[in-house]
Amino acid sequence: MIREANKNDLDEILNLYLYLHETSVPEDSEHLRSTWNTIINDANHHLIVCEIDGRIVASCVCVIIPNLTRNVRPYAFVENVVTHADYRKRGYATECLNYARQIARQNNCYKMMLLTGSKNESTLNFYRNAGYNSTDKTAFVQWME
């Protein structure tokens, strides 16, 4: 089942992120809870999960960003696409991305974007097969200390 995360999903999502690039689950703190509440209550921030047998096994984030160009149409940014290692190659992340595309269409977005740090050809092909291309834009990242 694909759905948006609810307030009770934090622990499962944090554990799923261990399959992304995290090395540990953040310490439970007021800052963590405050950030979680901000995400859950933001109408433009969509944390999408795939739940199988009561367990969150894949997820992505889709943020709708208001915009003054392109006839004042917003765009969508996709981030944190992840699938639990035991559930990969079953289409769950693709289902999450498809759900994100529905949200982007419902919000009249003119484009969707995502970045990946992966150089793995199978990961890049996954994004290509999901409808993304790496030829239209050049991404630059500045990491903040």
Side-chain angles (χ1 to χ4, degrees), residues 1-26 31-32 34-145:
M1 170 176 59
I2 304 297
R3 62 174 174 81
E4 291 204 44
N6 64 54
K7 63 180 181 173
N8 300 318
D9 291 329
L10 176 60
D11 291 336
E12 272 197 270
I13 290 167
L14 292 176
N15 280 299
L16 180 63
Y17 282 173
L18 294 173
Y19 294 93
L20 188 60
H21 50 66
E22 298 299 310
T23 57
S24 64
V25 172
H31 179 63
L32 174 65
S34 175
T35 300
W36 178 242
N37 286 330
T38 298
I39 290 168
I40 287 297
N41 293 312
D42 183 346
N44 285 324
H45 198 131
H46 304 270
L47 205 163
I48 300 159
V49 299
C50 176
E51 185 179 340
I52 302 296
D53 298 326
R55 181 178 191 190
I56 294 174
V57 301
S59 180
C60 74
V61 171
C62 176
V63 179
I64 306 300
I65 302 169
N67 181 43
L68 295 174
T69 65
R70 302 288 180 147
N71 204 24
V72 195
R73 291 176 65 192
Y75 57 94
F77 188 80
V78 175
E79 183 68 30
N80 296 338
V81 181
V82 61
T83 303
H84 187 290
D86 295 342
Y87 292 84
R88 291 184 178 156
K89 306 284 187 204
R90 299 183 195 180
Y92 298 139
T94 299
E95 289 181 38
C96 290
L97 290 175
N98 289 340
Y99 194 94
R101 184 171 36 246
Q102 289 175 353
I103 290 169
R105 283 190 175 129
Q106 290 166 357
N107 283 274
N108 195 32
C109 291
Y110 79 94
K111 71 177 176 182
M112 294 181 74
M113 298 185 304
L114 67 79
L115 299 173
T116 182
S118 177
K119 305 297 184 215
N120 185 315
E121 197 60 32
S122 66
T123 301
L124 301 178
N125 283 332
F126 165 74
Y127 290 123
R128 288 182 191 111
N129 290 335
Y132 295 85
N133 75 68
S134 58
T135 58
D136 289 347
K137 297 273 186 176
T138 301
F140 290 89
V141 176
Q142 183 179 87
W143 296 101
M144 309 304 288
E145 293 183 36

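- No salt bridge links R55 with E12; every basic N to acidic carboxylate O contact stays at or beyond 4.0 Å.
- A donor-acceptor contact shorter than 3.5 Å is absent between the side chain of N71 and the backbone of R73.
- The shortest distance between side-chain heavy atoms of K111 and K137 falls below 4.5 Å.
- S59 places a side-chain heavy atom less than 4.5 Å from the side chain of V82.
- Side-chain atoms of V61 and V78, non-hydrogen and from C-beta on, never get closer than 4.5 Å to each other.
- Between the side chains of T69 and N67, at least one donor-acceptor pair of N or O atoms lies under 3.5 Å.
- Remark: I103 CD1 to M112 CE distance equals 8.5 Å, nearest 0.5 Å.
- Interatomic distance, OG1 of T116 versus CZ of F126, reported as 10.0 Å (0.5 Å rounding).
- Not a single donor-acceptor pair under 3.5 Å links the side chain of D42 to the backbone N or O of T38.
- Looking at every heavy atom in both residues, D9 comes nearest to A5 through OD2-CA, 3.3 Å.
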**OP:** Check the pair W36 / I13 against side chain to side chain contact (heavy atoms under 4.5 Å, CB included), numbers first and verdict last.
**Re:** CA-CA 11 Å; W36 178 242; I13 290 167; 3.7 Å; yes
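- Contact detail for I52 and Y92: the closest heavy-atom pair is CD1-CE2, 3.6 Å.
- No side-chain heavy atom of T83 sits under 4.5 Å from any side-chain heavy atom of L16.
- Within the model, atoms CD of E79 and SG of C62 stand 11.5 Å from one another, a figure rounded to the nearest 0.5 Å.
- The closest donor-acceptor contact from the side chain of R101 to the backbone of G131 lies at 3.5 Å or more, if one exists at all.
- Residues V63 and H46 are not in side-chain contact: their nearest non-hydrogen atoms beyond the backbone lie 4.5 Å or more apart.
- Counted within 6.0 Å of CZ on R70, heavy atoms from surrounding residues, nucleotides or ligands total 12 or fewer; the atom is thus considered open.
- Atom CG of L14 sits about 6.0 Å away from atom CG of L32, to the nearest 0.5 Å.
- At least one side-chain heavy atom of L97 sits under 4.5 Å from a side-chain heavy atom of Y132.
- Taking CE of M113 as the start and OH of Y75 as the end, the distance is 5.0 Å to the nearest 0.5 Å.
- Summarising the geometry of I56 relative to R3, their closest heavy-atom pair is CD1-NH2, 4.1 Å, with the distance given to 0.1 Å.
- Of all the heavy atoms in V49 and C96, the pair that sits closest is C-SG, 4.1 Å.
- The shortest side-chain heavy-atom distance between L20 and N80 falls under the 4.5 Å cut-off.
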Subject >> Verdict with supporting geometry, N44 and I65, side chain to side chain contact (heavy atoms under 4.5 Å, CB included) >> reply: CA-CA 7 Å; N44 285 324; I65 302 169; over 6 Å; no
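- Considering only heavy atoms from C-beta on, L115 comes within 4.5 Å of F77 through its side chain.
- Nearest heavy-atom pair across V81 and A93 is CG1-CB, 4.2 Å.
- We find that E95 and R90 are not joined by a salt bridge, their nearest charged nitrogen and carboxylate oxygen being 4.0 Å or further apart.
- The nearest pair of heavy atoms linking S134 to R128 is OG-NH2, 4.3 Å.
- To the nearest 0.5 Å, the span separating CD1 on I40 from CG on N8 amounts to 9.0 Å.
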